[in-house]
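Working notes, beginning with the structure itself.
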Amino acid sequence: MQDRTTNGTLPAILLAFAVFHPVTRAETNAGPTISLKLMTEGLGAPIGLVPIPDGSGRLLVAEQAGLIQLIDRDGKKSAQPFLDLREKIVPLGKGMEERGLLGLALNPQFKFNHKFYGVYSAPLRTNAPLQWDHAERLSEFRTAGADFATADPASERVLLEIDEPDWNHNSGRLAFGPDGFLYWTVGDGGAFNDVGDVARGRGHPPEGNGQKLDTLLGKVLRLDVEHGTPYGIPKDNPYADGKRGLPEIFAYGLRNPWGISFDRGGKHDLIVVDVGQDRWEEINVIVNGGNYGWRLREGFEGFDPKDPLHAPTNAATVGADGKPFVDPVFAYKTLRGRGTDPQSYGVTITGGYVYRGKAIPALLGKYIFADWSRSMAIPDGTLLVATIPPPGSGTARWTVQPLALKEFPNGRIKSFIWALGEDDEGELYVLANGINSVVQTRGKVFKLVPQQESP
Ligand SMILES: [Ca+2]
């Protein structure tokens with residue numbers, strides 16, 4: 001559902017990518033042994049799924065239009081939503097829409113303190129520039145009781161708001177790290193090329209928001225929600241003293257990160273995918289203080305906002321502080337309406353999780369993610385699996401292929417893939433939508449399960 005902002009296309013661009021590692025559509029992992037099990041349907045566009053950590057197997061499913069639903073371990077939706085934020089969210093369009101409820105995360109001590117966090121698109125603040133669009137709001141909430149069946153809407157505590165110049169590129173994804181801090185991805189403010197309409201002061205400085213350290217746009221933020229008012233700054237945030245950049249910043253140079261997760265095993269990598277402009281979709285492993293390039297770079301190449309379809313030959317290799325950019329671990333070509341380009345999986349990347357569950361041993365340690373769709377209008381998302389090279393193997397780049405499913409051997413599940421989710425056992429869920437709209441109820445939750453043996 002993320003970037004619908006295109007710059008138009010040119011067939012000639014295809015020639016520029018001859019060096020890209022070829023991917024054939026039929027190339028899938030051998031022997032589909034994985035099925036999609038339908039858990040729930042009739043949902044709004046589902047942007048997030050988190051487990052209630054009390055052994056009940058219940059899951060919270062956040063819908064972009066603002067409802068948070070509670071489903072039981074069999075997928076049955078409770079009669080009353082867990083929380084309804086619709087009245088707090090700006091009016092949403094019937095078609096393409098990047099605003100709404102965008103992130104949901106439970107406090108690591110949720111079972112004891114009943115606290116959780118949401119990011120949503122709130123009305124423009126009175127002190128924001130008049131022509132800007134809305135405010136991205138991070139709030140803390142509490143449940144209404146210890147049964148965790150509903151939340152208390154009156155418990156809202158606003159932690160931070162960010163003025164947004166445009167309707168798109170909000171990101172707004174949330175995850176707690178193993179360090180107990182809350183990580184929040186924020187998009188570059190929107191329009192396209194991180195430029196906006198500068199003549200009208202549309203909220204993009206000359207160097208772009210991604211590279212600018214006095215704005216929270218285009219960043220990964222890290223907050224300590226347990227200390228401070230309304231929050232604290234972790235001591236080792238790269239600009240914690242506020243002298244060279246805003247103290248909330250953890251990493252920067254992101255465009256529209258639609259997916260954040262920590263590997264619950266291995267080195268607990270922080271994995272953030274970044275939706276590209278016109279050429280590349282990225283998977284990034286985020287490190288403290290890292291500069292991920294946007295809008296000086298996209299994928300493994302330079303980026304020129306005046307000519308976004310062609311990599312400049314004199315691209316910068318270091319940021320304004322002289323430090324090299326951090327490359328993605330994987331990038332694939334953005335389809336952007338170019339028909340059936342075999343080197344692309346689709347138009348926009350959807351982040352996922354490193355599989356650490358028990359049910360599907362073949363996926364252990366692999367990163368399961370997706371492309372949203374091969375078309376803005378037709379539901380044609382592809383599930384993908386990345387193999388992560390072992391530490392010390394001398395390569396940082398991941399290899400990717402479609403996730404072969406019993407029902408869909410090429411990984412294309414005939415839905416828009418809005419997001420993925422992970423439960424307490426490390427099993428994974430696919431949050432799908434049947435239409436490119438957040439105001440209808442064609443959302444579904446599928447679970448990835450081992451293929452049943454034939455009788
Ligand atoms: Ca990048």
Side-chain angles (χ1 to χ4, degrees), residues 1-9 11 13-14 17 20-29 36 45-47 95-98 168-169 171 173 192 255-259 271-284 298-299 308-309 328-353 367-386 398-405 407-420 430-438 442-444 446:
M1 46 119 341
Q2 287 307 296
D3 187 14
R4 289 72 173 245
T5 307
T6 67
N7 247 1
T9 58
I13 190 65
L14 299 178
F17 299 109
F20 183 74
H21 174 70
V23 176
T24 56
R25 303 306 309 171
E27 185 185 11
T28 57
N29 43 328
L36 276 186
I47 61 96
M96 240 161 59
E97 183 57 85
E98 297 187 17
N168 59 347
H169 300 189
S171 186
R173 311 299 279 165
F192 43 83
R255 179 178 176 278
N256 189 20
W258 190 245
I271 301 167
V272 169
V273 303
D274 202 9
V275 174
Q277 178 62 48
D278 291 301
R279 289 163 38 235
W280 299 104
E281 305 292 314
E282 302 179 354
I283 304 174
N284 294 287
E298 186 175 81
L309 295 176
V329 290
F330 180 75
Y332 66 89
K333 288 172 66 176
T334 302
L335 197 59
R336 291 286 186 272
R338 293 187 193 103
T340 54
D341 184 344
Q343 293 188 351
S344 175
Y345 295 117
V347 295
T348 166
I349 191 167
T350 297
Y353 296 83
Y367 180 69
I368 313 302
F369 69 109
D371 186 276
W372 178 75
S373 179
R374 296 178 69 81
S375 157
M376 293 288 174
I378 300 161
D380 191 8
T382 304
L383 280 169
L384 298 162
V385 52
W398 298 6
T399 54
V400 168
Q401 53 192 327
L403 179 64
L405 300 166
E407 304 85 353
F408 307 102
N410 59 7
R412 292 167 67 173
I413 69 165
K414 297 184 165 58
S415 292
F416 294 99
I417 304 176
W418 235 250
L420 279 82
V430 179
L431 279 54
N433 200 11
I435 187 170
N436 183 6
S437 169
V438 304
R442 289 167 64 179
K444 296 178 180 180
F446 296 96

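For the single chain, residues carry numbers from 1 onward in sequence order. Just so it is clear, the model here is predicted, and its values are computed rather than measured.
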Identify, with sequence neighbours excluded, every residue that meets ring pair (Phe, Tyr, Trp, His ring centres under 6.0 Å) alongside Phe369.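 Phe369 satisfies ring pair (Phe, Tyr, Trp, His ring centres under 6.0 Å) with Tyr367 once adjacent residues are dropped.
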Listed partners of Glu282 passing side-chain hydrogen bond (donor to acceptor under 3.5 Å, both in side chains), at least two apart: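 In terms of side-chain hydrogen bond (donor to acceptor under 3.5 Å, both in side chains), with neighbours along the sequence ignored, Glu282 is linked to Asn284.
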Closest heavy-atom contact between [X] and [Y]?
X	Y	answer
Ser344	Thr334	OG-C, 3.7 Å
Ile378	Ser375	N-OG, 2.9 Å
Val430	Ile417	CG1-CG2, 3.9 Å
Leu384	Ala370	CD1-C, 4.0 Å
Leu420	Gly351	CD1-O, 3.6 Å
Asp278	Glu298	N-OE1, 3.8 Å

Mind checking the [atom1]-[atom2] spacing from [X] to [Y]? Nearest 0.5 Å is all I need.
X	Y	atom1	atom2	answer
Phe408	Ile413	CZ	CD1	6.5 Å
Lys414	Leu36	NZ	CG	11.5 Å
Asn168	Glu98	CG	CD	5.0 Å
Arg412	Tyr345	CZ	OH	12.0 Å

4.5 Å side-chain heavy-atom contact, [X] and [Y]:
X	Y	value
Ile47	Trp258	yes
Thr350	Phe416	no
Tyr332	Ile349	yes
Trp372	Asn436	yes
Thr348	Asn256	no
Ile283	Pro328	no
Phe446	Leu405	no

Could you walk me through whether Val347 and Arg374 pass the side-chain contact (heavy atoms from CB on, under 4.5 Å) check? CA-CA 6 Å; Val347 295; Arg374 296 178 69 81; 5.9 Å; no
Side-chain donor/acceptor of Asp371 to backbone N/O of Gly381, under 3.5 Å: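 No; zero donor-acceptor contacts below 3.5 Å.
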Would you confirm whether Thr382, through its side chain, and Gly411, through its main-chain N or O, come within 3.5 Å as a donor-acceptor pair?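 Not confirmed, Thr382 side chain does not pair with Gly411 backbone.
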